[in-house]
Amino acid sequence: MPETAAQALLPDPRRWKALAFIAIAQLMVVLDATIVNIALPSAQADLGISEGNRQWVITAYALAFGGLLLFGGRIADLWGRRRTFVAGLAGFAGASALGGAAVNEGMLFGARALQGAFGALLAPAALSLLAVMFTEAKERAKAFGIYGAIAGGGGAVGLILGGVLTEYLDWRWTFFVNIPFAAVATVGAILVIREPEGARNSSSLDIPGVILATSGLVSLVYGFTRAESDGWASGVTIGLFVASAVLLATFVFVESKVKAPLLPLRVVLDRNRGGVYASLGLAIIAMFGLFLFLTYYLQIVEGYSALKTGFAFLPMIAGMITGSTQIGARLMTRVPPRLLMAPGFLTAAVGMLLLTQLDVGSSYAGLILPAELLLGLGMGTAFMPAMSLATHGVQPRDAGVASAMVNTSQQVGGAIGTALLNTIAASATTAWVAAHGSEAATLGKQGFINAAAVHGYATAIWWAVGILAVSATIAAVLINTGQGDSGPAASSGDTEGVEDAVSVPVIAH
């Protein structure tokens with residue numbers, strides 16, 4: 001029997017159960033971003049991967065995921081978010097099984113690329129399901145608080161889980177562990193997730209837009225990857241950046257002309273959503289650099305095991321969960337989002353500022369612990385309203401691509417952060433070695449190496465402090481929507497006033 005108009009407006013009674021399974025899927029995707037990093041040395045030794053090729057374990061995933069996110073978001077809008085969600089889960093599980101069973105480097109690289117491709121389907125479908133299922137302000141705050149905590153803290157959980165699996169089982173289990181996650185989420189999706197009626201976009205797929213966006217984003221992500229290995233001035237690096245700029249500029253031009261664009265420009269030109277994408281992408285640059293340097297510092301300089309390193313990140317996870325659920329979720333219906341995001345990014349910047357004092361033998365309890373707590377609290381508080389605001393007020397038929405933009409800003413930000421800050425750290429380390437060569441005899445070989453590395457980390461972390469400050473400024477200046485009760489997202493039939501809809505008071509990637 002067809003739904004009446006009144007029934008269609010009622011919230012789905014199974015939405016909270018659906019949130020549990022969406023959260024499991026999101027955790028799986030976020031975990032995968034870091035869990036494989038811990039296992040990489042073991043996989044490299046087992047499969048005989050060369051030093052030059054080992055980066056492809058990470059790069060193959062990043063290229064596929066970052067390059068295909070907008071395509072995945074639009075597929076969710078066209079095909080249906082629940083169906084895309086289930087297809088993404090099944091494909092991700094299959095690719096994970098392939099990676100765990102890899103017998104050579106080519107098989108492993110291919111599996112990672114497949115994981116990235118299916119992750120590009122799964123991630124925007126998951127976030128857009130929340131966007132169309134939770135429309136009441138307080139419920140939306142709570143739902144996105146849970147989602148934001150997982151998105152923010154899942155990467156650090158991956159470090160712990162990766163350490164446990166690699167140390168006590170085998171590196172292959174960092175892939176196989178995704179299969180039960182995907183199985184549970186798939187069963188739950190089939191049983192309890194119901195997408196609201198009329199939320200799909202029936203327009204034809206923008207093929208030129210797909211080609212231009214995918215190739216432009218792949219060029220951008222790969223350019224930063226090559227910058228890390230070849231240097232910023234190499235011909236290949238510069239060529240990739242020029243190609244990316246041309247392709248993405250052409251993409252914007254095409255999207256302004258076609259009838260059914262892959263990325264409707266209204267999604268990104270709204271100042272609130274644009275502010276979220278920009279500030280979140282910059283914040284992720286800083287955070288990815290932190291994970292990189294703190295992991296190196298704890299394992300190489302301080303001699304922590306992979307497992308101990310993972311546990312050393314737990315306070316940051318606790319801070320993110322607290323910031324998302326106890327600060328962001330409680331205040332997002334009472335204060336404007338910018339008054340959560342800007343102070344959140346600044347709090348994280350203060351935590352990052354503490355880490356600029358990092359030195360060989362620095363106290364974990366006296367320096368690293370308080371820095372992690374401030375970083376977690378700040379980022380958790382900022383992530384939560386950012387996740388919600390990035391999709392609030394868009395037409396339901398655009399929810400998938402709006403969600404994909406959140407993931408795109410994070411993925412591109414992560415690629416930039418890893419390459420940019422690592423290059424800065426390497427340059428600072430080289431300069432320190434040249435200036436302090438006379439201290440080598442005093443410090444000893446390993447002590448000298450460690451001192452040089454830590455100087456490089458601290459220099460790059462100073463840049464991360466500045467990046468977080470810029471992120472806070474963007475959030476404060478561009479995001480101007482108010483607080484209070486939020487109306488539902490625009491209905492699928494709305495064709496006008498969409499830009500105004502996002503300014504409906506709300507309160508997050």
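The figures that follow rest on heavy atoms only: side chains count, while hydrogens, waters and symmetry mates do not.
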K.L.:
Test side chain to side chain contact (heavy atoms under 4.5 Å, CB included) on M28 and L89; report intermediate values, then the result.
P.N.:
CA-CA 10 Å; M28 179 185 71; L89 284 167; 3.9 Å; yes
K.L.:
What are the two closest non-hydrogen atoms of D270 and R273, and how far apart are they?
P.N.:
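So the two residues come closest at OD2-N, 3.0 Å.
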K.L.:
Of all the heavy-atom pairs spanning A348 and M379, show the shortest one and how long it is.
P.N.:
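That closest heavy-atom pairing would be CB-SD, 3.7 Å.
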K.L.:
Is there a side-chain contact between I317 and E372, using heavy atoms and a 4.5 Å cut-off?
P.N.:
no
K.L.:
Using atom types as modelled and distance alone, determine if a side-chain donor or acceptor of R81 lies under 3.5 Å from a backbone N or O of A76.
P.N.:
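Not a single qualifying donor-acceptor pair exists.
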K.L.:
What are the two closest heavy atoms between A475 and A342, and how far apart are they?
P.N.:
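For A475 versus A342, the nearest heavy atoms are CB-N, 4.1 Å.
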K.L.:
Identify the heavy atoms of A464 and L421 that sit nearest to each other, and give their distance.
P.N.:
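For A464 versus L421, the nearest heavy atoms are CB-CD1, 4.3 Å.
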K.L.:
Go through the steps for L375 and T347 under the test side chain to side chain contact (heavy atoms under 4.5 Å, CB included), then give the verdict.
P.N.:
CA-CA 7 Å; L375 280 159; T347 301; over 6 Å; no
K.L.:
Could you check L122, L121, T186 and say which one makes a side-chain contact (heavy atoms from CB on, under 4.5 Å) with V86?
P.N.:
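Single pass found, and it is T186.
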K.L.:
Could you tell me the separation between the CD1 atom of I467 and the CZ atom of F345, rounded to the nearest 0.5 Å?
P.N.:
12.5 Å
K.L.:
Could you tell me whether a side-chain N or O of R338 sits under 3.5 Å from a main-chain N or O of I474, the two making a donor and an acceptor?
P.N.:
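Pair absent, no side-chain N/O of R338 close to backbone of I474.
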K.L.:
Hey, is the main chain of G216 close enough, under 3.5 Å, to the side chain of S244 for a donor-acceptor pair?
P.N.:
yes
K.L.:
For the residue pair L165 and F176, establish whether any side-chain heavy-atom pair is separated by less than 4.5 Å.
P.N.:
no
K.L.:
With rounding to the nearest 0.5 Å, note down the distance linking CH2 in W232 to CD1 in I424.
P.N.:
8.0 Å
K.L.:
Side chains of S362 and Q357: is there a donor and an acceptor less than 3.5 Å apart?
P.N.:
no
K.L.:
Roughly how far, to the nearest 0.5 Å, is CG of L373 from CG of L369?
P.N.:
4.5 Å
K.L.:
Taking all non-hydrogen atoms of both residues, which atom of I22 and which atom of F85 are closest, and how far apart?
P.N.:
CA-CZ, 4.0 Å
K.L.:
Quick one: are F118 and S96 in side-chain contact, heavy atoms under 4.5 Å?
P.N.:
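A side-chain contact is absent here, since even the closest heavy-atom pair is not under 4.5 Å.
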K.L.:
How long is the span from the CG atom in N178 to the CG atom in L27, to the nearest 0.5 Å?
P.N.:
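Between atom CG of N178 and atom CG of L27 there are 9.5 Å.
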K.L.:
Which label fits Y61 and F65: parallel for a plane angle under 30°, tilted from 30 to 60°, or perpendicular past 60°?
P.N.:
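If you compare the ring of Y61 with that of F65, the planes turn out parallel.
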K.L.:
Which pairs would a plain distance check flag for residues 274-285, meaning a side-chain donor or acceptor within less than 3.5 Å of a matching protein atom at least two apart in sequence or in another chain?
P.N.:
from	atom 1	to	atom 2	distance (Å)
Y277	OH	A390	O	3.3
Y277	OH	A402	O	3.2
S279	OG	G275	O	2.8
S279	OG	V276	O	3.3

K.L.:
Using atom types as modelled and distance alone, determine if a side-chain donor or acceptor of R112 lies under 3.5 Å from a backbone N or O of A60.
P.N.:
no
K.L.:
Any heavy-atom pair between the side chains of S219 and L247 that's under 4.5 Å?
P.N.:
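L247 vs S219: side chains touch.
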K.L.:
To the nearest 0.5 Å, how far apart are CD1 in I24 and CG in L19?
P.N.:
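The distance works out to 10.0 Å.
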K.L.:
Keeping the roles fixed (side chain from Q115, backbone from F92), state whether a donor-acceptor pair exists under 3.5 Å.
P.N.:
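Checked: no pair found.
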K.L.:
Under the criterion side chain to side chain contact (heavy atoms under 4.5 Å, CB included), I'd like the reasoning laid out for I479 against R271: C-alpha separation, chi angles, the key distance, then a yes or no.
P.N.:
CA-CA 6 Å; I479 297 173; R271 65 180 292 166; over 6 Å; no
K.L.:
Are any non-hydrogen side-chain atoms of L69 and P124 less than 4.5 angstrom apart?
P.N.:
yes
K.L.:
Nearest 0.5 Å, what's the OG1-CG distance between T381 and L346?
P.N.:
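One finds 12.0 Å between OG1 of T381 and CG of L346.
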K.L.:
Is the terminal nitrogen or CZ of K308 (NZ for Lys, CZ for Arg) located under 6.0 angstrom from the six-membered ring centre of F311 and within 45° of that ring's axis?
P.N.:
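Cation-pi check for K308 and F311: fails.
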K.L.:
Keeping T356 on the side-chain end and L353 on the backbone end, is there a donor-acceptor pair under 3.5 Å?
P.N.:
yes
K.L.:
Would you call M287 and M316 a side-chain contact if the rule is heavy atoms closer than 4.5 Å?
P.N.:
yes
K.L.:
If only atom types and distance count, is the side chain of R82 paired as donor or acceptor with the main-chain N or O of I193 below 3.5 Å?
P.N.:
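Checked: pair present.
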K.L.:
Is the closest side-chain heavy-atom distance between V335 and L340 below 4.5 Å?
P.N.:
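Yes, side chains in contact.
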K.L.:
Backbone N or O of N272 within a donor-acceptor pair of the N480 side chain at under 3.5 Å?
P.N.:
no
K.L.:
Determine the minimum heavy-atom distance between L220 and F241, stating which atoms define it.
P.N.:
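Nearest heavy atoms, L220 then F241: O-CE2, 4.0 Å.
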K.L.:
Does any part of the side chain of L354, heavy atoms only, come nearer than 4.5 Å to the side chain of L367, both counted from C-beta?
P.N.:
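The answer is yes; the side chains approach within 4.5 Å.
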K.L.:
Using 30° and 60° as the class limits, which term best fits the ring planes of Y297 and Y457: parallel, tilted or perpendicular?
P.N.:
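Perpendicular: the ring planes of Y297 and Y457 meet at over 60°.
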K.L.:
Say whether, by atom type as modelled, one donor and one acceptor occur between the side chain of T214 and the main chain of L68 under 3.5 angstrom.
P.N.:
no
